[in-house]
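A note on names: the letters A, B, ... follow the listed sequences, proteins ahead of strands, and every chain is numbered from 1.
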Amino acid sequence: MEASEILKQFNDVWQLRHEYAKDWKKRTGGKVIGGMCTYVPEELLYAANILPVRILGGHEPPTLATPHMFDMWCPFSRDCLSQGLKGKYNDYLDGLIESNACLHMRQAFGAWEIHVPTPWFYWFVMPNAVRSPRAKTFLRGELAAFKEALEKLTGKTITDEDIDSGIDILNTNRRLMKQVYEFRKQDNPPITGTEAMTMVWASQLMDKREHNELLRQLLEELPDRKLDRETGVRLMIIGSEDDDREFLEMVESIGATFVIDDHCTGSRYFWDEVVPEKDRLQAIANHYCDRVPCPNKDWGMEDCSRKRFPHILQLARDFRVQGAILTQQKFCDPHELDIPSLTRYLEDNDIPCYFLEFEVTVPVGQFRVRVEAFIEQILAEELFV
Amino acid sequence: MVEAKKVEFWRWPETSWVNPDIDWKKGKFITAGIDVGSVSSQAVVMVDGELYAYSNTRTGYDSPESAWKCLNMALEKSDLTADNLDYCIGTGYGRVNVPMAQRAITEIACHARGANFMYGPEVRTVMDMGGQDCKAIRCDNRGAVMKFMMNDKCAAGTGRGMEVFADLIGVPVWEIGERSFQIEKEPPMISSTCAVFAKTEVVGLLQEGVPENDIIAAYCSAMAHRICELLNRLGIEEKFVITGGIAKNIGVVKRLEKEMGVTTVELTWYAPKMRDKGLPFETQIAGGIGAAVFGAAMLERGKAKSARKA
Amino acid sequence: MIVAGIDVGGKNVHIVIARNGDIMAKAGAPSGINKAEAVEQLYDETLKKAGLKREDVSQVVATGSSGQRVAFAGGVIPDAAADARGVIRLIPSARTIIDVGAEEGRAIKISPEGKVLDFAINEKCAAGTGTFVDTMARALEIPIEEMSKISLQSTKSIPMNAQCAIFGESEVVSLIHQKTSRQDIARAVHDAIAGRVGSVARIVGIENDIVMIGGVARNDGFVESLKRELEMDIRVPENPDFVGALGAAAAAAAGITGEKVEARVVEKETIEEGTT
Amino acid sequence: MAKYKTKGLDCWQRAKELRAKYYKDYAEAHDRGALRWEGGAWMFDAVPQSLEGEIHVLTEEPYGAAVGADPKLQVRYQEAAEGKWGCARDLCAYLRNYWGSIVLNEYAFGGEWPKADFIFQNHICCSHAKWLQVADEIEGGDVPFFCFDVGVGAYDKIEDRQIRYVVDQIHDGIEFLEKHTGRKFSDEKLIQNVHNTYDSACYWAKTCELNMAVPAPLDEKTMFSLYVLGCLEKSNPDFAHFYKYELYPEVQDRVANQIAAVANEQCRVITDTQPPWGFLRVYRYLEQYGIIAVANLYTNSLIGWWTHDDKGDLVPWPTLAEQGITIKDRDHALWLLAEAELKGKSQWAQFYGAKYKNHFVTKIAKQWKCDAAIIHLNRGCEGTAQHQMETKIALQNMGLPVLTFEGNMADEREFDETRTYRLIDLFVRETLGLQKVAD
């Protein structure tokens, strides 16, 4: 299959996520369970033959959410709830998991629990102090409880072999996506940022075994793929969740390419693998504590250091970015709390930054001029020498 | 259009000017910069990097039309025509819809470059108050953008806001500045951040019989304050200049200077020259100037080739 | 008994004079800057229409955001209360009222007796108000009536980010640049505001019959958009912008005058706040 | 003629003095060779306060609120945080007040910003850890920082596993304290501090419980300034003494003698979250209608600990004495502290879903005999504003009329007083059908 064909399939899954999930249930007879954040331990869900799907917004004004979440809650969380209230998930979602996410997603979950008919709810207590060794011990216990709950739900015991295959499916997916990202280091990447990120969205929505298959084919195709476009300025995009394809396409149509990201709908989701060890649950626990943290969980044990910042800088260097666009869902506290520090940190390391605040729908006109100007700023030499 | 019937207090008068001392036929490069903003449009024509002609007009429903309108108005009193242009750059909101332009550059880059041309190379911070946005720009001695910020989501404190206000109290926008100082003591600023709710607040004050000039003052300081918030985020560095329509409103400028503790730069070498020519100095053409200057530089550096038709 | 109801809103004044529940005369006019003056003038006109003198009117009740400006009123009642009284009188089956005026969009849930059970008002932002419509019409360079008409000819819905009136304007401009037809833009504007108004209405929990009043209710294009948004039918009484005044008159007839709004606050000891 | 007799609280002045002394002590600590540390109002202050020698704490939220009560100061601080530091305007309002204060190097109670010797924080809402992490950065990044996690699940899910996680983190915290202060940690002090913390938390709950009485002995506006001590330093012996031996007995006496907080009490309302601190007069305005705010999940359990009796009703968490517990050692002390906070602080339940918040709010509305609800949709605090719209729906389903108004506890730019009075007038006169009652 042609690379573009594969990438189109990713886009289709993202666009038609509900149809895909319904079809998957028909095909496999398995359960589909939604997650509201990337701290849901999907390894165990795969071990239980459950398809985990990330709840995403629909990029339409979340008018149904207003009676349940007033205006100060982030547009993404309100959009997610709105999708639920619209009944988009009614005829297939078997359960919903909250993994101690930010207060905004907790709001959406709380209202969903009451107003969106869903057979099963689970509150997974992902610890916040991920840099404390104590968190790993605690999380192991939490995983054991979660495993039990899943066994009760499916009526099937989860064996070590099941967990191993769950870990393997996830790790393979992580490894393959990382290999695809590798291609973005090239001078003229054979895959656009929009395509690459859509690939990640798809992996949060489709059966990773199928996703892995497509990734393997993609990896064969990419070496020979030539894109009929200028790479232009190499940009990094940073933020919480972002599946705003319209925005990514706009930026990549005006002389720039996103070569890397730090998003929980991007690299932050899959960058690190589970390091297998005899105690499987402990191995998974270690992974979720050691992975690149959400700003919400990123603080030092003896000082005010952050773990995520040097990681972002390393990515920026490895992928040779010329500038970074910091996006933020309006009202997103976890990121708002980091952005002033992150901007200083990157600019001190000679990476120009530009900040954009996102709503459910992006005012493309307004954003275009800002991004164009940012690109011109980076390319100043072209205008002045 | 809707207000067609009444007097339009919110409109700056349309202006145009041609430099009598320049014989464009002797010029090597004739470049134009056309800034089609969301509210007003300017055309600037330069001969070898010297200001030759400009116009400042209102943007209409259709931007290609507006672009032609302002270019024609600039050349009204000259025998120079669009066909004589070597290179034309479009900027501003409608930059991609400027039919006679060979290239488009954003108003951010153009305003920084224009300010550098108009106010000299020591300019480090440029504040452009446009119709619907307000940009704070940090630039280097070449007028290259180092960093910039724009107001987000809410248009509180934009030129448009000021227009709505002028229209509301029925005071011509060009009188606002002066009137804002004809007061006994500085009143507290209008508190509402929303242009529409500010309107409500103003009506309230008028009803309570607060003198018009006090309200004007209150609105000017509110607007100055909003701009300061943006400048604070960017971090202001002197020399500091303001371009765009609001620069003509001393009511805002003086209050902004006071709050920021800076003084906006007086025009450098350029000013006397223009005054001698009896030129009503037009701060709104900074974007157009920047565009035209970019054009000239590109031709000189052979980065662009002449598109002259006649 | 002859009574008068006077509704002084952000943009217009409306007056209704009624005798034993029957309207004798009504009139509306822009309130302008000096609302008090506008009221006096319009009141005299209305009295003239009705062939009455001031002393013939036994009770005057004012309402609206500037109701306090009516010096000669016996009292002022909250606008939502006036809405409720006015609507229940015209459409007894009404349970949800949506009132979109120049500066405010509000939803009111009422009992069969016309008692206000719950209400919600668009907060902070001008999106979802009549002013927003006006601004957009201005950007489109067409009169509101025109905008209302042509929006009905559109079949396409374009999502529009109605965060701010001024930016809405520039969004309209960019749609124009993208060569979008005025019809579609007009509808996009109405849909956007309908979205805001619709979500305000949902807060009180929408119950049939839904009645829309206020100046914007005259805008058929908007009402269509709102119907689509709520997926429910909406009834609009004739003269929807007189309902507030009518309600005030009804209150006057019922002897409810509310109260003159006076200095509100009784400061006792100032307390330290303090905490999370 | 007023319905009930009323009078001010005798212990009122005392509460004010204790608070004033607290802020003064913190500022002057270094002059006396004492240590200074920063933490949150929900911190287990008993722990750092158990270091040997004199030591004082500044809790971040009450400080932010204190600034919030002064609109002028507050806007100046917030604009400094937003302009000079560059943070978003919609972040927690207390946090912006706090950061702005540091940015301007200004202490709201006079003098320069008193820089802390270390930070000892706990984290449950998105802002807690980050708040002081950034404060540390603004101060230069050299203040030792420790933060432990208490976001381990709802009260009814708490088992030994969760408590152990918290306790073990605190053990690490004690190592951190000794390492970075060079002072020894005193277990005797700890045991005393845990006793004090129990007295503060349990007796506050008992005091709130007394407010079920009709007429209510306390109005919320007054309670705001009484619970604050518990947000400053629950383990402080003077504060514990105040709650147990001064406030509680006096309120008991008011109930016994039918002394009302509002002489014309005719409508009891439940509220939610913090009020806009600069505009407490709104409560006075309500009193003119005989409306009194008697309870609020926030006011009851911000510092108060609660549990359920066998009928499922809310009752105060028993004191150590009532439980007949003697603290054995450090681990036992920490365990008792963690257990009560995790199981007893009903305010924390709302972090785990609207159902939890509704459970408590509807019980309070019933037990405190509320006739209506007034909910301040608080844009200033995501933590306490959790699920407010669901709370509204739940209370309406109980048959309570509910008024909501948007505002901000400590950002006057987001509170429209005139508009709020308009809404109150409408609600009170039309929905509740109340008229003003003569004083």
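Counting heavy-atom pairs under 4.5 Å between each of A:Met69, A:Glu98, A:Gln328, A:Arg306 and chain D puts A:Arg306 at the top. Taking D:Val134, D:Asp172, D:Thr391 one by one and counting their heavy-atom pairs under 4.5 Å with chain A, the maximum is reached by D:Asp172. In terms of non-hydrogen atom pairs under 4.5 Å with chain A, the most contact-rich of D:Pro144, D:Gly151, D:Gly153 is D:Gly151. In terms of heavy-atom pairs under 4.5 Å with chain A, the best-connected choice from D:Cys147, D:Cys87, D:Gly141 is D:Cys147. Note on D:Phe148, D:Phe351, D:Phe146: by heavy-atom pairs under 4.5 Å with chain A, the leading option is D:Phe351. Counting heavy-atom pairs closer than 4.5 Å to chain A, the top residue among D:Val166, D:Asp142, D:Leu132, D:Asn378 is D:Asn378. Chain A forms the most heavy-atom pairs under 4.5 Å with one residue out of D:Lys179, D:Gln350, D:Lys392, and that residue is D:Lys179. With chain D as the partner, the residue from A:Thr343, A:Ile339, A:Asp298 showing the most heavy-atom pairs under 4.5 Å is A:Asp298.
When all heavy atoms are compared, the tightest approach of D:Cys126 to A:Leu337 is O-CD1, 3.7 Å. Minimum heavy-atom separation, D:Gln133 to A:Cys304: NE2-O, 3.3 Å. Taking every heavy atom of both residues into account, A:Gly141 and D:Arg161 meet most closely at C-NH1, 3.4 Å. Minimum heavy-atom separation, A:Pro67 to D:Met389: O-CB, 3.1 Å. Shown here for D:Glu390 and A:Ala111, the closest heavy-atom pair between the two residues is OE2-CB, 3.5 Å.
Both the backbone and the side chain of A:Trp299 have a heavy atom closer than 4.5 Å to some heavy atom of chain D. Interface remark: A:Asp338 contributes side-chain atoms only to the contact with chain D (heavy atom separation under 4.5 Å). Of the two parts of D:Phe118, neither the backbone nor the side chain holds a non-hydrogen atom closer than 4.5 Å to a non-hydrogen atom of chain A. Both the backbone and the side chain of A:Glu142 come within contact range of chain D, judged by heavy atoms closer than 4.5 Å. Only the backbone of A:Thr66 comes within contact range of chain D, with heavy atoms under 4.5 Å apart. Proximity to chain A is absent for every atom of D:Ala135, based on heavy atoms less than 4.5 angstrom apart. The parts of D:Gln162 that come within reach of chain A are both its backbone and its side chain, each placing non-hydrogen atoms under 4.5 angstrom from that chain. Of the atoms belonging to D:Leu95, it is side-chain heavy atoms, and not backbone ones, that fall under 4.5 Å from chain A.
Counting heavy atoms from C-beta outward, A:Pro340 and D:Trp99 have side chains that stay 4.5 Å or more apart. Inter-residue side-chain proximity for A:Phe331 and D:Glu382 is flagged as unmet; no heavy-atom pair is nearer than 4.5 Å. Residues D:Leu377 and A:Asp71 are not in side-chain contact: their nearest non-hydrogen atoms beyond the backbone lie 4.5 Å or more apart. Taking 4.5 Å as the limit, some side-chain heavy atom of A:Asn296 sits within range of a side-chain heavy atom of D:His123. Between D:Phe176 and A:Glu302 the shortest side-chain heavy-atom distance falls below 4.5 Å. In this structure, A:His68 and D:Ile393 have side chains that are in contact, with non-hydrogen atoms separated by less than 4.5 Å. You'll find the side chain of A:Trp73 reaches within 4.5 Å of the side chain of D:Gln386, heavy atoms only.
Here the NZ-CG distance, from A:Lys330 to D:Asp90, works out to 7.5 Å after rounding to the nearest 0.5 Å. Distance check, rounded to the nearest 0.5 Å: CG of D:Asn358 to CD1 of A:Ile114 gives 5.0 Å. Distance check: D:Cys381 SG to A:Met72 CE gives 7.0 Å after rounding to the nearest 0.5 Å.
Between A:Arg344 and D:Glu137, none of the side-chain N atoms (NZ, or NE/NH1/NH2) sits under 4.0 Å from a carboxylate O, so this pair counts as no salt bridge.
Under a 3.5 Å cut-off, the side chain of D:Lys157 and the backbone N or O of A:Trp123 do not form any donor-acceptor pair.
Contact residues of residues 126-138 of chain A toward chain D are A:Pro127, A:Asn128, A:Ala129, A:Ser132, A:Arg134, A:Ala135, A:Phe138 (heavy-atom distance under 4.5 Å). By a heavy-atom distance cut of under 4.5 Å, A:Asn100, A:Cys102, A:Leu103, A:His104, A:Arg106, A:Gln107 are the residues of residues 100-109 of chain A near chain D, going up by number.
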